[in-house]
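Here's the structure we're looking at; comments come further down.
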Amino acid sequence: MRLMVTGGAGYVGSVVAAQLVEAGHDVTVLDDLSTGHADAVPDGARFVKGSITEAADVLAEGFDGVLHFAAKSLVGESVERPELYWSHNLGGTLALLDAMRRTGVGRIVFSSTAATYGEPESTPIPETAPTRPTNPYGASKLAVDTALTAYAGLYGLAAVSLRYFNVAGAYGRFRERHAVETHLIPNVLKVALGERESVSVFGEDYPTADGTCVRDYVHVADLARAHLLALDACAPAAHAVYNLGNGTGFSVREVIDVCREVTGHEIPAVFGPRRPGDPAVLVASSEKIRRELGWEPDHTTLHSIVRDAWTALQA
Ligand code: UDP
């Protein structure tokens, strides 16, 4: 298929673009490089530097589908500057959907998030759980999911949203490279690399077995593969939503212990107060995507996720 990958110079987008190229698709990456890196665009993909609001010019060349990753994704920033999230994530996507309609592109796979659910009533979280985002980032992604349902009904769009839990690991040279790093695993590995003295643990008084937060870590290669399955499964006039996680939770302490094992570094940890807005436990039910699309993660241990992240960091 001829495919556009918006945000294909970012972490998840670059891995999906690489897997699409490997699967024989004709891939164009559209990325404004506001947070992405030009050298993350995989060999074999064409790169167009630009914003999603300018997608129509490229889409007019004739495309079979769009995989949409370009977005702002920092929870803290979204609380401080919500307007950025509404204009980029919702406004930008509405412009992209309009460009798709005008150019006759009828298929989209959208990068959504577990942040659409907010504080869960129970875990593991199924797709039928109430959506009550606790920050503008999650709210803006949920608004796009809502628009996709409406556009599928109104215009026959074929859409799939994938709601990611905690994405980690690396795919070959493609790894997480954020200017402002907020995620746990890269922050812990920075200590092992000697770039930081210690890792801060945000809260040890949660109602969990060891008092630290529990998250569901999914390997970026497994996550990316789900996008290729979703692309094939897109059906006209339908919008399907799938959660993507391993279905197993690991605590912050467990993550740090595995990082110590993998790196052989002592990785000092400093325990501090909770980070506002962090739910105690977030674990996905990914039964639906396993059942309907046949998705199975290859990497179910934290060890293999951390090992791949560590190998890519050292390259
Ligand atoms: N966390 C931490 N120290 C850090 C970064 C994260 O203790 O330097 C904790 C955070 O409070 C949460 C978990 O690790 O409980 C995962 O956070 P991350 O930002 O990686 O992902 P999130 O679950 O917020 O999407």
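Each residue takes its place number in the sequence, starting with 1.
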Side-chain contact test, heavy atoms from C-beta onward, threshold under 4.5 Å: evaluate it for [X] versus [Y] and give yes or no.
X: Leu90; Y: Val144; answer: yes
X: Asp257; Y: Glu254; answer: no
X: Val258; Y: Phe250; answer: no
X: Asp232; Y: Leu228; answer: no
X: Glu296; Y: Asp222; answer: no
X: Ile256; Y: Val201; answer: yes
X: Val306; Y: Ile185; answer: yes
X: Pro120; Y: Leu282; answer: yes

Is a salt bridge present between [X] and [Y], judged by a nitrogen-to-oxygen distance below 4.0 Å?
X: Arg132; Y: Glu121; answer: yes
X: Arg274; Y: Asp205; answer: yes
X: Asp98; Y: Arg102; answer: yes
X: Arg163; Y: Glu127; answer: no
X: Arg196; Y: Glu181; answer: no
X: Arg177; Y: Asp39; answer: yes

* Step by step, would you call Ser51 with Asp32 a side-chain hydrogen bond (donor to acceptor under 3.5 Å, both in side chains)? -> CA-CA 5 Å; Ser51 147; Asp32 65 4; 5.5 Å; no

Donor-acceptor contact below 3.5 Å, side chain [X] vs main chain [Y]:
X: Thr149; Y: His239; value: no
X: Asp64; Y: Leu3; value: no
X: Lys72; Y: Ser87; value: no
X: Thr301; Y: Ser304; value: yes
X: Arg2; Y: Asp26; value: no

* Option passing side-chain contact (heavy atoms from CB on, under 4.5 Å) with Leu67 (candidates Val109, Val29, Val160) ->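 It is Val109; the other options fail the test.
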
* Hey, mind stepping through Tyr206 and Asp278 against side-chain contact (heavy atoms from CB on, under 4.5 Å) and telling me if it holds? -> CA-CA 10 Å; Tyr206 283 95; Asp278 273 343; 3.6 Å; yes

* Structure fact -> Looking only at heavy atoms, the pair that brings Val5 and Gly13 closest together is CG1-O, 3.9 Å

* Shortest non-hydrogen contact from Glu119 to Ala280? ->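 Smallest interatomic distance, heavy atoms only, reads OE2-N, 4.2 Å.
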
Any luck finding a side-chain donor-acceptor pair between [X] and [Y] under 3.5 Å?
X: Tyr117; Y: Asn243; result: yes
X: Tyr164; Y: Ser112; result: no
X: Thr248; Y: Asn246; result: no
X: His178; Y: Thr35; result: no
X: Glu292; Y: Tyr242; result: yes
X: His68; Y: Thr93; result: yes

* To do: Walk me through it: do His219 and Asp308 pass the test side-chain hydrogen bond (donor to acceptor under 3.5 Å, both in side chains)?
  => CA-CA 9 Å; His219 194 292; Asp308 288 356; 2.8 Å; yes

* To do: Step through it carefully: locate the ring centre of His37, locate the ring centre of Tyr11, and say whether they are under 6.0 Å apart.
  => no

* Asked: Centroid-to-centroid, His227 to Phe69, below 6.0 Å?
  -> yes

* Asked: Passes side-chain contact (heavy atoms from CB on, under 4.5 Å), Glu204 versus Val252? Steps please.
  -> CA-CA 9 Å; Glu204 53 178 334; Val252 174; over 6 Å; no

* Relative to the ring of Tyr171, is the ring of Phe174 parallel (under 30°), tilted (30 to 60°) or perpendicular (over 60°)? -> parallel

* **Atom CD of Gln314: over 12 foreign heavy atoms under 6.0 Å** => yes

* Taking atom CZ of Arg81 as the centre, report whether more than 12 heavy atoms of other residues, nucleotides or ligands fall under 6.0 Å from it. =>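 No, the 6.0 Å shell around CZ holds no more than 12 heavy atoms from other groups.
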
